[in-house]
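In listed order, ligands and their atoms are each counted from 1. FYI, the numbering just counts along the sequence from 1.
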Amino acid sequence: MSELLNKHIVLGLSGGIACYKAAELCRTLVKQGATVQVVMTEAAAQFITPVTMQALSNRPVFVSQWDAREPNNMAHINLSREADLMLVAPASADFMAKLLHGRADDLLSLMCLARPVERVPLLLAPAMNREMWSHPATQRNMAQLRADGAQVLGVGQGEQACGETGDGRMLEPDELLHEVKKVFAPKPLLGKHVLVSAGPTFEAIDPVRGITNLSSGKMGFALAQAAALAGAKVTLVAGPVSLSTPYGVNRTNVRSALEMHAAVMSALPQADVFIATAAVADWRPAQAATQKIKKDGSGQMPALNWIENPDILADAAATELARSGKLFCVGFAAESHDVLAHAQAKLVRKKVPLIVGNIGSETFGADDNALLLVDAQGADEWPRAPKTELAQRLVAEIAKRIQRS
Ligand code: C5P
């Protein structure tokens, strides 16, 4: 289901230490089903060899515009006409300055100039030292390149190869993959805001203990990523999980059900869709002890008073936004048995238009899952598949439903 299947990508490398990341990116693109034609500047070939890039792309690499392998000796025309997309990663400050002027004194810049602008998008992934990045000349050049139709991507922040710390690191290969996929992906959620709750909650008993559950957050994170790919602005409210934030997603971390409730409710007024995948604890200790509870020799665990947590999904579905049809709420039901009956009961109890049922023990922590979609009309069984794929399918389904409503 990859957007990149049979897509032909020209991956251009200009000179910068971030060339090492382009090797991983090339491999990732090929794994996703794309064909990759690597074109390097001479400076790029100082950082990583064409041999490496040829081995990873399984194609001869082009460096020079005088390359006689092309029968008509017009590599710049042939290679740019074949492309579905051109991505220059890394795009050095010098390379972008050159592009800005429409200069074309090497094969890669020649190809950027010669590409059919209407049909072949050009993505530039800048990579440079923080001073070079923040220099007015670089910022001015990037603004003009955008105005000329290139998509100039952002940069990462952190420690740089030169030893300094700041903005200017090239985006990571998986982030660049997301940007490339986004070009080809259908965007049925463009202009929409999707709110996702994910992961478990943790209810403190004392400063060092609490109760939680085995939810890994993978399904919710996959949904957040898929919604971003579908063009939505995404807010992810995450319980304690060890997953990295999906690229392009705005994340708020919470711990307890009460914190999750507050974070969801404050984000809700901006949302068009709320997908509640979080496995929220049903109860919490009425009072968390301020000091560690010690054994008292009685052989018994001290009794705890439990009170019920608010039902975040039901509260969201009860808002005026949801009742007026402006907010579309989707719940998950992780069950141990009778998924259909429990999901149907939840549909009614929580007053939501769609419940997605699954078997808790078969989904918690797993990379794949099987789903049962339950609405007022009936049920639809989705067979076991990777969560990333199910998430894309579910996002497309939600988009269809909100367009209808
Ligand atoms: O009632 P139950 O917890 O089984 O319902 C599951 C659905 O309700 C999930 O979508 C879950 O995220 C949501 N939920 C919630 N707040 C709770 C409990 C569950 O939003 N306190």
Side-chain angles (χ1 to χ4, degrees), residues 194-204 210-224 227 234-241 243 252-268 271 273-286 306-319 321-322 327-365 369-375 379 382 387 390-391 394-395 397-398 401:
V194 174
L195 174 63
V196 182
S197 72
T201 63
F202 179 91
E203 310 299 326
I211 62 159
T212 184
N213 59 65
L214 293 173
S215 167
S216 63
K218 284 181 185 170
M219 191 71 223
F221 276 56
L223 280 162
V234 182
T235 301
L236 173 64
V237 176
V241 293
L243 296 175
T252 304
N253 286 328
V254 296
R255 203 162 86 131
S256 65
L258 286 181
E259 283 173 23
M260 185 173 277
H261 186 267
V264 166
M265 287 301 160
S266 89
L268 216 53
V273 176
F274 172 41
I275 313 176
T277 63
V280 185
D282 289 323
W283 303 279
R284 67 178 182 277
W306 297 93
I307 48 176
E308 205 172 294
N309 274 322
D311 191 313
I312 303 168
L313 176 59
D315 284 358
T319 57
L321 287 169
L327 172 71
F328 187 84
C329 293
V330 182
F332 267 66
E335 305 296 342
S336 57
H337 61 287
D338 290 343
V339 179
L340 177 60
H342 284 116
Q344 280 169 333
K346 247 165 235 187
L347 194 72
V348 176
R349 182 156 40 86
K350 308 221 177 205
K351 297 194 175 66
V352 292
L354 180 63
I355 288 279
V356 182
N358 52 183
I359 300 279
S361 57
E362 289 174 15
T363 178
F364 281 174
N369 198 3
L371 302 180
L372 183 72
L373 268 68
V374 178
D375 63 13
W382 288 8
K387 285 180 176 174
L390 291 170
L394 187 55
V395 161
E397 177 67 31
I398 292 169
R401 287 172 187 246

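Residues passing the side-chain contact (heavy atoms from CB on, under 4.5 Å) test with Ala318: none are found, sequence neighbours excluded. Under the side-chain contact (heavy atoms from CB on, under 4.5 Å) criterion, Asn369 pairs with Met219, Asn358, Thr363, Leu371, Arg384, Lys387, Leu390, not counting sequence neighbours. Taking the side-chain contact (heavy atoms from CB on, under 4.5 Å) definition, one finds that Ala198 meets it with Phe221, Leu236, Thr277, sequence neighbours left out.
Screening Leu223, Val330, Ile275, Leu372 for a side chain to side chain contact (heavy atoms under 4.5 Å, CB included) with Val356, the sole residue that qualifies is Val330.
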I'd like to know whether Arg284 forms a side chain to side chain contact (heavy atoms under 4.5 Å, CB included) with Ser256, so could you lay out the CA-CA distance, the side-chain angles of the two residues, the decisive distance to 0.1 Å, and finally the verdict.
CA-CA 9 Å; Arg284 67 178 182 277; Ser256 65; over 6 Å; no

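For the atom pair CE of Met265 and CG of Asp315, the computed distance is 4.5 Å after rounding to the nearest 0.5 Å.
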Name each N or O atom in ligand 1 that is under 3.5 Å from a protein N or O, and give the partner atom and the distance.
from, atom 1, to, atom 2, distance (Å)
ligand 1, 1 (O), Lys350, NZ, 3.0
ligand 1, 4 (O), Lys346, NZ, 2.3
ligand 1, 5 (O), Lys350, NZ, 2.9
ligand 1, 8 (O), Lys350, NZ, 2.8
ligand 1, 10 (O), Ala276, O, 2.5
ligand 1, 10 (O), Phe332, N, 2.7
ligand 1, 10 (O), Phe332, O, 3.1
ligand 1, 12 (O), Ala276, O, 3.2
ligand 1, 12 (O), Ala278, O, 2.5
ligand 1, 16 (N), Ile312, N, 3.0
ligand 1, 20 (O), Leu313, N, 2.8
ligand 1, 21 (N), Pro310, O, 2.8

